[in-house]
Peer 1: 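My questions will all concern the structure given below.
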Amino acid sequence: MKKISMSSSRLGLRLAACLLNISEARRKHIVENIANAALGKNGQKHPEVSVLNIFSDQNYNRSVITIVASIDELGNSILAACLEAFQSIDMQIQEGIHPCLGAVDLIPIYPLTDVGVEECGAVARSLAENLVRHVPGCSVFLFGEADLPEKRTLVQRRKQLGWFTRRDFSALEPDLGTAPARRCGLTAFFRKSETAVSCQRVNLWIDISSSYTRAGRSKWDGPVTTAVYQMGWENLTT
């Protein structure tokens, strides 16, 4: 897949990012089709949208597609990618060790430059409403800053929804949409209040026995986060 990067002439754009989590990694062409859908349609690439990275885990059978766009175009870009994903991924036959509930599993939206969390929340809500309108059987739940007024965490929502057991979808009560179809599953939306550091992928190796750490990217002059939101451990036993 050819990566498209924004030119320096577009640095004045008001940017936001989405780390689109989809329940597919083993069929590379499917993942790339979804990423390409985010960039534009009918072969026409949108100049204000970029796919910066695709991370796929074969065991998890899960990919994370990093989409950056102007805040005005991000919703349309994510919607196009989601429509392609729902056409291509069937949760009735999906297999992978990562707990998930939906073909499009998570849609976190982050502010980057000159964009507020309120705008990201508006994009997330509008996008959620468009998805349930365009995709029969698509259902949405909200958490974090998008879950008003409770602002329940991802951990709380996962426990409520039986995320780790893949419970009967028909018993779920989504925040938007009808009871989820088994093919589509359930999609989570949230907006994040962290700044661009949330989208800066940093590889960190930790030797627990010696408490020695080294960062894969050691030069980072941006804002520093005060908490670890998510953490993954490499499986060294296989």
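We're numbering straight along the sequence, starting at 1. Just so you know, these numbers come straight off a predicted model, no measurement behind them.
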Peer 1: Treating D105 as the side-chain partner and I22 as the backbone partner, does any N or O pair qualify as donor plus acceptor under 3.5 Å?
Peer 2: no

Peer 1: When you look at T113 and L13, which way does the side chain to side chain contact (heavy atoms under 4.5 Å, CB included) test go after all the steps?
Peer 2: CA-CA 8 Å; T113 57; L13 290 174; over 6 Å; no

Peer 1: What is the distance from atom CD of E32 to atom CD1 of I54, rounded to the nearest 0.5 Å?
Peer 2: 6.0 Å

Peer 1: Check each of S139, C184, C82 against L131 using the side-chain contact (heavy atoms from CB on, under 4.5 Å) test, and report the only one that passes.
Peer 2: C82

Peer 1: Quick one: list whatever passes side-chain contact (heavy atoms from CB on, under 4.5 Å) with N130, sequence neighbours left out.
Peer 2: L79, S126, R133, H134

Peer 1: Could you pull out the closest heavy-atom pair between V115 and C120, with the gap in Å?
Peer 2: CG1-SG, 3.9 Å

Peer 1: When rounded to the nearest 0.5 angstrom, what is the spacing between CD1 in I109 and CD in E119?
Peer 2: 12.0 Å

Peer 1: Does the S77 side chain pair with the main chain of E73, one donor and one acceptor, at a distance under 3.5 Å?
Peer 2: no

Peer 1: Checking side chain to side chain contact (heavy atoms under 4.5 Å, CB included) for the pair L106/R62: CA distance, chi angles, key distance, verdict?
Peer 2: CA-CA 11 Å; L106 294 174; R62 182 184 188 87; 3.5 Å; yes

Peer 1: How close do D114 and R14 get, heavy atom to heavy atom, and via which atoms?
Peer 2: O-NE, 3.1 Å

Peer 1: Out of N21, V64, L20, which residue meets the side-chain contact (heavy atoms from CB on, under 4.5 Å) rule with P108?
Peer 2: N21

Peer 1: Within the distance-only criterion (no hydrogens, no angle test), does the side chain of R183 pair as donor or acceptor with the backbone N or O of G137 below 3.5 angstrom?
Peer 2: no

Peer 1: Measuring from atom CG of L83 to atom CD1 of I34, what distance do you get when rounded to the nearest 0.5 angstrom?
Peer 2: 11.0 Å

Peer 1: Check for a donor-acceptor pair, side chain of R26 on one end and backbone N or O of Q58 on the other, with a separation under 3.5 Å.
Peer 2: yes

Peer 1: Can you give me the closest heavy-atom contact between N61 and Q94, atom names plus distance?
Peer 2: O-NE2, 3.3 Å

Peer 1: Would you find a donor on one side and an acceptor on the other, under 3.5 Å apart, between the side chain of T66 and the backbone of A17?
Peer 2: no

Peer 1: Check C138 against V132 and note the closest heavy-atom contact, atom names and distance.
Peer 2: O-CG1, 3.4 Å

Peer 1: If you take all heavy atoms of T187 and V104, which pair is closest and at what distance?
Peer 2: OG1-O, 2.7 Å

Peer 1: Indicate yes or no: at least one non-hydrogen side-chain atom of M91 is less than 4.5 angstrom from one of S23.
Peer 2: yes

Peer 1: Side-chain contact, heavy-atom cut-off 4.5 Å: D175 with R157?
Peer 2: yes

Peer 1: What distance do I65 atom CD1 and I78 atom CD1 have between them, rounded to the nearest 0.5 Å?
Peer 2: 11.0 Å

Peer 1: What verdict does the side chain to side chain contact (heavy atoms under 4.5 Å, CB included) test give for N36 and E84, after you've listed the backbone C-alpha separation in whole Å, the side-chain angles of each residue and the deciding distance to 0.1 Å?
Peer 2: CA-CA 9 Å; N36 277 317; E84 180 68 29; over 6 Å; no

Peer 1: Please examine the side chains of E150 and Q156, heavy atoms only from C-beta on, and report whether any two atoms are closer than 4.5 Å.
Peer 2: no

Peer 1: When rounded to the nearest 0.5 angstrom, what is the spacing between NZ in K28 and OG in S63?
Peer 2: 11.0 Å

Peer 1: If you look at every heavy atom in G75 and L127, which pair is closest and at what distance?
Peer 2: O-CD1, 3.6 Å

